[in-house]
Amino acid sequence: MGENEMSVFGVPEAEEEVYRHFLRNPGTRADDLDVLLRSRPGEARARIARLQELGLLLAEDAERRIFPADPEVALARLVDVRLHALHQELQRVTRSWHVIDGLRAEREARTPPPQGVEQLEGLARIRSRIDDLAFFARDEILSVEPYTRLSEENIARSRPLDLRCLRRGVRIRSVVSSLALQDPTTAAYLRELAEHGAAIRVTADTTERLLVYDRRAALVPLDPRDTSRGALLAHRSGLVSNVISLFERIWDQADELSRAGGGAESGEDATACPSGIERRVLVSMCTVGKDEAGARKLGVSVRTYRRHVADLMQTLGAASRAQAALLARERGWI
């Protein structure tokens, strides 16, 4: 380890110096350490006590000698302590979303939330609003994006925000053009998102382009064929409901990504194992009684949920849901 590398474990540089001394000179007496390290009287004793609390130094033996704990064992324990502290901090952060609601309420008390429709001009402004809407999304993001490929720059820009949303439990349902699967880079990124929980479908016959955030804001381009002309952002209006209805129609008619053609994932390999959504349906079949409850848990329509169930039963060659669950367990799918 380099100088003061143990600070990440909560060990200051001065205490790390003491620990390193005992690694090099096991059996040193505490009373001798002030002289050896040229520290003030009692200072070394305080550092030793702290290192003993951390489990880096062992208690003095009968001859008042001190020995270091095994670095691998001691640091593994410190890693666990540090990870536990970080986990607790993460839980505090994720539980603090109510703060946003409070701040938003204060802002809206002075400035009412946007209603109706805003017109956005310029790609930079549109992208900025999309980033903001995605960052603050809490429940669901719906999208139809008929691009045929994504550049590596676009993917690098989108990946952190997309994965952050998925890690926070935001449901992502996206419909893309089947032509996108012909581009290896784009296809790989779509399957990466699916592996992290995004529900992605493909279609060959849509030119629609839309985004919906938490069913409260919908973004559509002025001209789907030329997004540089600007976009319309609708807030909490009948237009948002209409955009959602359009999305659901496109979604219901689209094909699952796992069953779509293109690349190495097509053909027999596509059905060699279930997709992320299919695996969640299988788990739901085993744990949830009614289709309505299962669909609600997965964030899909009952019709879509039942279609997944029927497709899985056919794939497994099962005559009943119970048999499908049994066969899925035998294959190691759940």
Side-chain angles (χ1 to χ4, degrees), residues 140-146 162 166 169-184 186-206 208 210 212 244-334:
E140 182 180 55
I141 298 175
L142 311 176
S143 69
V144 177
E145 300 179 89
D162 288 340
L166 292 168
V170 176
R171 295 189 302 273
I172 292 180
R173 288 197 288 154
S174 183
V175 180
V176 301
S177 169
S178 56
L179 295 177
L181 298 185
Q182 296 180 14
D183 177 66
T186 303
Y189 179 58
L190 292 173
R191 292 190 172 97
E192 177 186 354
L193 292 180
E195 289 173 359
H196 283 83
I200 297 176
R201 292 187 178 182
V202 298
T203 182
D205 59 358
T206 185
E208 302 292 344
L210 60 90
V212 182
I244 293 173
S245 296
L246 174 60
F247 170 83
E248 295 294 355
R249 287 198 297 271
I250 296 172
W251 176 264
D252 286 340
Q253 295 170 6
D255 296 320
E256 294 287 346
L257 176 65
S258 61
R259 299 185 182 278
E265 300 293 328
S266 63
E268 294 180 1
D269 289 342
T271 57
C273 61
S275 65
I277 183 65
E278 288 174 327
R279 194 182 300 276
R280 291 196 295 276
V281 169
L282 283 167
V283 172
S284 180
M285 287 169 59
C286 298
T287 58
V288 178
K290 295 183 178 181
D291 289 350
E292 289 78 7
R296 186 165 55 252
K297 182 177 180 181
L298 271 62
V300 300
S301 67
V302 176
R303 175 184 173 187
T304 299
Y305 181 84
R306 287 172 177 163
R307 185 173 67 185
H308 280 306
V309 171
D311 289 345
L312 285 165
M313 289 177 62
Q314 182 177 0
T315 300
L316 291 163
S320 67
R321 297 189 181 198
Q323 185 183 14
L326 180 62
L327 292 172
R329 287 194 180 97
E330 290 178 353
R331 295 192 185 191
W333 288 3
I334 54 176

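Residue numbers start at 1 and run along the sequence shown.
Side-chain contact between R280 and V283: absent, with no pair of heavy atoms (C-beta onward) separated by less than 4.5 Å.
Separation of atoms CG (L181) and CG (D255) is listed at 10.0 Å; rounding is to 0.5 Å. Separation of atoms OG1 (T186) and CZ (R191) is listed at 11.0 Å; rounding is to 0.5 Å. Atoms OG1 and NE2, on T315 and H308 in that order, are 11.5 Å from each other to the nearest 0.5 Å. Rounding to the nearest 0.5 angstrom, the gap separating the CG atom in L142 from the CG atom in L246 is 11.0 Å. Here NE2 of H196 is found 11.0 Å from CD1 of I172. Values are rounded to the nearest 0.5 Å. If you take CD1 on I250 and CZ on R173, they are separated by 12.0 Å, rounding to the nearest 0.5 Å.
Among all heavy-atom pairs drawn from M313 and A324, the shortest one is CG-CB, 4.0 Å. Of all heavy-atom pairs between A254 and V175, the closest is CB-CG1, 4.1 Å. Summarising the geometry of A318 relative to L327, their closest heavy-atom pair is CB-CD1, 4.0 Å, with the distance given to 0.1 Å. Contact detail for S284 and Y305: the closest heavy-atom pair is OG-OH, 3.0 Å.
Remark: S177 pairs with no residue by the side chain to side chain donor-acceptor pair (under 3.5 Å) rule, at least two apart or across chains. Among residues two or more places apart in sequence or in another chain, the side chain to side chain donor-acceptor pair (under 3.5 Å) test is passed with D291 by R306, R321. Among residues two or more places apart in sequence or in another chain, the side chain to side chain contact (heavy atoms under 4.5 Å, CB included) test is passed with S320 by A322, Q323.
Although no hydrogens or angles enter the test, the distance criterion places a donor-acceptor pair under 3.5 Å between the side chain of R307 and the main chain of D252. Panel note: side chain R201, backbone W251; a donor-acceptor pair is recorded below 3.5 Å.
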